[in-house]
Amino acid sequence: MKLPPGVSASDFAAALEKFAAVVGKEWVFSSQDDVDLYRDSYSPLWHEEDERVPSAAVAPDGVEQIQAIVKIANTYKIPLWTISTGKNLAYGGSSPALSGSVILDLKRMNRILEVNDKNHYALVEPGVSYFDLYHYIQDHKLNVWIDPPDPGWGSPMGNSLERGGGRTPMRDHFASVCGMEIVLANGEVIRTGMGALPESKTWQQYKYGFGPYVDGMFSQSNFGIVTKIGIWLMPSPEAYRDGVVSVPKHDDLIPFVDTLSFLIDSSVVRGTMLLDSPLLSYRASQGGSVLDMPGGPTVAETEKLGQEKGLPYWSMELHFWGPPNVIDAQWEYAKEKFSAIPGATFKDGRYYHFPMEVKDTDAVPWVALGIPSLSVFGLIAGGNGHMDFSPIIPMQAEAVFEVLSAFGKAYADLGIEPKNQFFSLPWCFFPHSFVLLFGFPIAHDVEKNRESRRAFQRLVEVAAEHGWGEYRTHVAFMDAVSNVYSFNNHALRRLHERVKDAIDPNGILSPGKSGIWPKRLRQQRA
Ligand code: ADP
């Protein structure tokens with residue numbers, strides 16, 4: 001077992017005993033078998049000394065128990081790594097950034113405190129999963145949809161705090177957060193926004209309260225333990241439909257993205273879309289690459305291939321939710337706008353009216369219908385998992401072109417074959433920008449993982465050279481990513497760490513999270 005840095009075996013044992021006195025012996029886990037369950041199943045550091053492993057775990061059942069645990073952690077300087085359901089796969093699972101941390105596992109706190117289908121929100125505890133919330137809404141016949149991520153076994157708490165995304169119009173999960181309750185490192189409980197008003201009637205209806213809006217400080221951070229979160233939901237729509245727009249040529253992407261951006265910002269097109277390239281996917285399937293590799297086929301050659309095979313260079317499935325007459329009009333309007341691109345073609349897709357009976361075996365787009373699913377696991381090749389490289393890039397065609405050539409060149413310079421099956425063209429998870437989700441394969445093979453890590457590190461640097469930064473990263477790369485957010489000699493990180501030292505002077509909460517290290521452990525920064 002790896003102890004937390006600077007903590008003696010006897011202090012560690014004393015702390016675990018005190019934790020047990022608070023939560024009960026059965027909710028403190030320190031046997032190797034139990035602790036192994038908190039390791040990252042997709043660790044890029046498998047079988048290496050540097051794998052981020054916890055020392056133990058403690059699972060409280062309520063806010064008062066958390067307050068007592070925090071007090072003990074302060075006394076013994078035990079780092080606590082908070083998780084909700086710990087399913088943050090591709091970004092570290094339930095493993096900590098600092099080996100030896102004790103996992104503060106909140107999955108026992110799984111109460112759904114309110115679901116309101118008149119104002120469309122929910123108030124939940126950390127251990128509530130998307131499946132739990134979905135079933136609760138179904139069982140109570142409430143008129144709201146949730147927005148699960150892919151896959152849907154994690155929690156609204158963990159995914160929203162990590163600023164994850166789903167597929168429906170509520171796709172930007174942190175943007176849907178309204179009101180939090182937080183235990184600070186000194187044990188004090190705060191409520192944000194309108195929740196600071198003791199008799200508040202609008203904690204989940206109005207985000208900002210009075211004075212500075214601090215909720216963002218508790219996302220992707222180590223400033224507090226969030227114990228309740230309000231999230232906005234979508235009223236159950238009457239219908240859903242989708243359709244595909246395709247354009248034939250490379251440069252068509254310029255007016256295509258301009259039109260897309262206009263339609264998204266005008267709220268005509270909503271939800272999450274993925275840019276597709278049937279032509280580049282075909283090129284990759286023939287042993288080429290989605291990326292533009294130096295010395296690879298030119299644009300003219302690729303377009304010629306497209307003509308021969310009847311494949312468009314670019315396409316995108318658009319989704320619409322709402323009353324049938326509204327979504328029909330939205331699709332017609334989108335088609336009208338994209339028709340300005342010569343050669344644009346359109347294909348009507350699925351059309352569903354709600355309520356609708358869905359069987360497990362139906363081939364429906366589960367997540368876009370607000371139904372949590374694990375089916376994404378069936379799509380991921382390789383078997384041993386992946387870690388995600390997820391830079392934000394401008395919502396502009398020129399940026400997509402630059403990505404394809406810059407990352408192609410980076411791979412060529414590294415002498416590594418790009419693993420195209422894991423490369424995605426841009427997603428629209430967030431407004432005004434694109435995000436790439438590039439899955440680096442993980443193996444139970446130290447050399448292969450080293451190669452993946454070398455490529456990952458280089459891509460972080462190449463991205464930064466082009467002005468692109470990751471929206472979220474694996475625990476093993478938090479320092480690497482934080483290192484490139486360096487404007488004005490790391491002024492933002494220095495502010496984060498000044499705040500950290502002020503509100504968590506013993507540095508007990510999730511040290512190293514998002515590259516934020518408390519003073520006591522700052523030498524751990526990679
Ligand atoms: P999920 O429940 O979706 O599986 P996790 O529990 O894995 O998500 O949480 C993802 C990350 O978010 C954690 O590694 C942690 O850094 C942060 N986090 C999760 N829950 C909390 C919380 N209640 N308070 C503070 N940070 C949290």
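All values below were derived from every heavy atom in this structure, side-chain atoms included, with hydrogens, water molecules and symmetry-related copies excluded. Counting starts at 1 for both ligands and their atoms, in listed order. Small disclaimer: the values here were computed from a predicted structure and weren't measured.
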Please walk me through it: do Asp479 and Trp517 pass side chain to side chain donor-acceptor pair (under 3.5 Å)?
CA-CA 10 Å; Asp479 285 337; Trp517 290 96; 2.9 Å; yes

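Ring-plane geometry between Tyr42 and His386 is classed as tilted, the angle between the planes lying from 30 to 60 degrees on a 0 to 90 degree scale. Relative ring orientation between Phe438 and Phe407 is described as tilted, the plane-to-plane angle lying within the 30° to 60° band. Between Trp27 and Phe29, the angle of the ring planes goes over 60°, which puts this pair in the perpendicular group of the 30/60° scheme.
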Which atom pairs, one a donor and one an acceptor, fall under 3.5 Å between side chains of residues 59-69 and the rest of the protein, sequence neighbours left out?
unit_1 : atom_1 : unit_2 : atom_2 : d
Gln65  : OE1    : Asp61  : N      : 2.7
Gln67  : NE2    : Gly187 : O      : 2.7

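Every protein residue with a heavy atom nearer than 4.0 Å to ligand 1 is included here: Trp81, Thr82, Ile83, Ser84, Thr85, Gly86, Lys87, Asn88, Gly93, Leu106, Gly154, Ser155, Met157, Gly158, Asn159, Leu161, Glu162, Gly224, Ile225, Val226, Lys513.
The neighbour count for Glu17 CD, taken as heavy atoms of other residues, nucleotides or ligands under 6.0 Å away, does not exceed 12.
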